[in-house]
Amino acid sequence: MSGREQLGATTGGTGVLSQGARALYLAIIGENGRLPKDSEILCGDAARDELVGLGLLVPDTDEPDVLVAVDPRQLSESLSASWQRQALDLLTRASALSNELHDLTAAYHSPEQAGGTIEYVRGKVLINQRVQQIVAGAAEEILAAQPGGPRPSDALAGILERDLEALRLGITLRTIYHPSTRYHAPTREYVAAITQAGGRVRTLDEPYTRLIVIDRRIAVIPIAEDLNLAAFIHDQAVISYLISEVFERNWSHALDFDGARGVPQQVVSGMRQTIIDLMLEGVNHRVIARRLGISERTLARHLAEMRDEHNVESLFQLGYALARNSGTGEHPELYG
């Protein structure tokens with residue numbers, strides 16, 4: 001099919017015409033724009049086929065054995081209009097594709113096709129792709145419990161526009177995060193944008209499981225600790241239980257988070273109590289920071305403020321004071 005009929009590209013720098021084809025076209029122009037097909041200049045030259053395919057070189061109407069160079073401006077105007085029509089048609093088809101295949105997609109991912117009311121997916125890449133599919137298909141509600149500290153900045157940037165679009169469509173969005181996310185600037189910015197658009201976010205300072213529920217019809221839970229195996233649950237009884245006894249129970253214990261820089265005293269106290277417990281166990285600072293999902297700089301700030309509260313100057317003195325208070329059952333920082 002020639003360039004007149006279909007969008008095409010070559011290996012040339014412009015993506016339309018290679019340098020070899022350009023040179024050959026200029027050579028033909030030097031021969032008054034006409035050359036016999038059996039000319040040495042044309043024989044066995046891939047550039048000739050490229051020019052013919054694009055329409056810059058065509059057989060003479062009166063002498064079919066002679067190839068004639070076509071005016072590039074005239075060809076450009078003709079091809080440009082044709083290709084723009086094709087591009088518009090492709091864009092229209094691409095936009096309609098999801099709706100066109102919606103019923104087939106629903107059938108493919110139905111519980112019956114998935115092998116029952118629970119579908120097991122192995123591998124983080126496949127799990128993430130599957131989650132993205134069902135989240136993109138949400139129509140009413142998205143519930144998410146995301147333990148484990150701040151999410152990567154690039155991940156937050158990738159989901160921000162998706163979540164804002166969901167909120168614009170009237171979809172309810174509620175998310176539970178770990179309190180350490182309050183110290184993570186990219187997460188604060190994401191949460192501020194989401195809450196301003198109508199979403200709700202809270203943080204929970206106690207262990208909770210990872211959970212995603214879409215439209216109360218599909219729930220996703222991890223099966224392996226390394227998150228390499230997940231269960232996609234379609235059973236409505238199980239989903240109702242996960243919502244009422246897991247998500248809603250955790251939500252009721254969590255604190256509202258609107259992305260503000262200030263951290264509630266209750267969150268600070270809980271964070272510091274965990275730091276104290278880990279220090280008394282002999283855990284080093286790097287591991288403590290990693291477990292809490294905070295930076296070592298943030299941990300150092302907490303320790304500095306704790307030294308001020310206990311009126312000590314060194315970590316050794318702080319450790320002694322904490323151990324003494326632990327032995328008497330006193331934790332002043334919990335009630336500050």
A.B. asks: With a 4.0 Å cut-off, would you call Glu165 and Arg162 a salt bridge?
C.D. replies: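 Salt bridge absent between Glu165 and Arg162.
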A.B. asks: Leu278 and Val287: same hydrophobic cluster, using ILVMFWY side-chain contacts below 4.5 Å?
C.D. replies: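 They do share one cluster, since a chain of ILVMFWY contacts under 4.5 Å joins Leu278 to Val287.
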A.B. asks: Using a distance-only test with no angle check, is there a side-chain donor-acceptor pair under 3.5 angstrom linking Gln84 and Ser80?
C.D. replies: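 Distance-only check passes for Gln84 and Ser80.
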A.B. asks: Would the distance check show the side chain of Asn128 and the main-chain N or O of Lys124 forming a donor-acceptor pair, the cut-off being under 3.5 Å?
C.D. replies: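 Confirmed, Asn128 side chain pairs with Lys124 backbone.
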A.B. asks: Going by atom type alone, with no hydrogens or angles, which donor-acceptor pairs under 3.5 Å involve a side-chain atom of residues 297-304 and a protein atom two or more places apart or on another chain?
C.D. replies:
from   : atom 1 : to     : atom 2 : distance (Å)
Thr298 : OG1    : Ser295 : OG     : 3.0
His302 : ND1    : Arg272 : NE     : 3.1
His302 : NE2    : Tyr183 : OH     : 3.2

A.B. asks: Could you give me the CA-CA distance, side-chain angles and deciding distance for Arg174 and Glu248, then say whether salt bridge (Lys or Arg N to Asp or Glu O under 4.0 Å) is met?
C.D. replies: CA-CA 10 Å; Arg174 286 191 289 159; Glu248 295 295 358; 2.7 Å; yes
A.B. asks: Considering only heavy atoms from C-beta outward, does the side chain of Thr117 approach that of Ile233 to under 4.5 Å?
C.D. replies: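 Not in contact.
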A.B. asks: Test of understanding: with side-chain contact (heavy atoms from CB on, under 4.5 Å), list the residues that count as partners of Asp308, not counting sequence neighbours.
C.D. replies: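 In terms of side-chain contact (heavy atoms from CB on, under 4.5 Å), with neighbours along the sequence ignored, Asp308 is linked to no residue.
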A.B. asks: Check the pair Leu229 / Arg122 against side chain to side chain contact (heavy atoms under 4.5 Å, CB included), numbers first and verdict last.
C.D. replies: CA-CA 4 Å; Leu229 179 64; Arg122 185 178 299 276; 3.8 Å; yes
A.B. asks: Could you tell me the separation between the CE atom of Met306 and the CD1 atom of Ile275, rounded to the nearest 0.5 Å?
C.D. replies: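 The CE atom of Met306 sits 6.0 Å away from the CD1 atom of Ile275.
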A.B. asks: Considering residues at least two apart in sequence or located in another chain, which fulfil the side-chain hydrogen bond (donor to acceptor under 3.5 Å, both in side chains) criterion with Thr195?
C.D. replies: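 By the side-chain hydrogen bond (donor to acceptor under 3.5 Å, both in side chains) rule, Thr195 matches no residue at all.
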A.B. asks: The test is side chain to side chain contact (heavy atoms under 4.5 Å, CB included); show your working for Thr209 and Ile221 and say whether it passes.
C.D. replies: CA-CA 8 Å; Thr209 187; Ile221 60 173; 5.7 Å; no
A.B. asks: With rounding to the nearest 0.5 angstrom, report the CD1 to CG distance, Ile243 to Leu211.
C.D. replies: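 Interatomic distance, Ile243 CD1 to Leu211 CG, rounded to 0.5 Å: 8.0 Å.
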A.B. asks: Could you pull out all donor-acceptor pairs under 3.5 Å where a side-chain atom in residues 138-150 meets a protein atom, sequence neighbours excluded?
C.D. replies:
from   : atom 1 : to     : atom 2 : distance (Å)
Glu141 : OE1    : Arg216 : NE     : 2.7
Glu141 : OE2    : Arg216 : NH2    : 3.4
Gln146 : OE1    : Arg210 : NH1    : 2.8

A.B. asks: To the nearest 0.5 Å, what is the distance between CG (Leu57) and CG (Leu67)?
C.D. replies: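 These two atoms lie 4.5 Å from each other.
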A.B. asks: What are the two closest non-hydrogen atoms of Thr175 and Trp251, and how far apart are they?
C.D. replies: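 Heavy-atom minimum between the residues: O-CZ3, 3.4 Å.
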A.B. asks: Please give me the minimum heavy-atom distance between Ile239 and Arg217, naming the atom from each residue.
C.D. replies: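 So the two residues come closest at CD1-O, 3.1 Å.
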A.B. asks: CD/Glu119 to NE2/His234 distance, rounded to the nearest 0.5 angstrom?
C.D. replies: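 The distance works out to 5.0 Å.
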A.B. asks: Is there a path of hydrophobic side-chain contacts, each under 4.5 Å between heavy atoms, that joins Phe232 and Leu227?
C.D. replies: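 No, Phe232 does not connect to Leu227 through the hydrophobic network.
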A.B. asks: Does a side-chain heavy-atom distance below 4.5 Å link Leu75 with Leu56?
C.D. replies: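 Answer yes - side chains close enough.
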A.B. asks: Can you give me every donor-acceptor pair (side chain of residues 186-194, partner residue at least two apart or in another chain, under 3.5 Å) with its distance?
C.D. replies:
from   : atom 1 : to     : atom 2 : distance (Å)
Thr187 : OG1    : His184 : ND1    : 2.6
Arg188 : NH1    : Arg182 : O      : 3.1
Tyr190 : OH     : Asp163 : OD2    : 2.5

A.B. asks: Between Tyr208 and Asn250, which heavy-atom pair has the shortest distance, and what is it?
C.D. replies: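 Here Tyr208 and Asn250 meet closest at CB-ND2, 3.5 Å.
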A.B. asks: Heavy-atom distance under 4.5 Å between the side chains of Phe257 and Thr181, does that happen here?
C.D. replies: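 Yes, side chains in contact.
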A.B. asks: Compare every heavy atom of Ile29 with every heavy atom of Ala69, then report the nearest pair and how far apart it is.
C.D. replies: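 So the two residues come closest at CB-CD1, 3.9 Å.
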A.B. asks: Does the pair Asp71/Arg73 count as a salt bridge with the N-to-O cut at 4.0 Å?
C.D. replies: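 Arg73 and Asp71: not salt-bridged.
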A.B. asks: Kindly compute the distance separating CG (Leu54) from CG (Asp49), expressed to the nearest 0.5 Å.
C.D. replies: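 The distance works out to 12.5 Å.
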A.B. asks: Which value, rounded to the nearest 0.5 Å, describes the distance between Ile134 atom CD1 and Ile214 atom CD1?
C.D. replies: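 One finds 5.0 Å between CD1 of Ile134 and CD1 of Ile214.
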A.B. asks: Just to verify, what does Val125 make a side-chain contact (heavy atoms from CB on, under 4.5 Å) with, not counting sequence neighbours?
C.D. replies: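 Listed in chain order: Gln129.
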A.B. asks: Show the nearest heavy-atom pair for residues Ala219 and Leu242, with the distance to one decimal.
C.D. replies: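 Nearest heavy atoms, Ala219 then Leu242: CB-CD1, 3.9 Å.
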A.B. asks: Test side chain to side chain contact (heavy atoms under 4.5 Å, CB included) on Leu204 and Tyr177 and set out the steps.
C.D. replies: CA-CA 6 Å; Leu204 181 61; Tyr177 281 140; over 6 Å; no
A.B. asks: Please say whether more than 12 non-hydrogen atoms of neighbouring residues, nucleotides or ligands are located less than 6.0 Å from CZ in Arg261.
C.D. replies: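 Open.
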A.B. asks: Closest approach of Ile118 and Ala231, non-hydrogen atoms and distance?
C.D. replies: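 Heavy atoms only, the tightest pair is CG2-CB, 3.9 Å.
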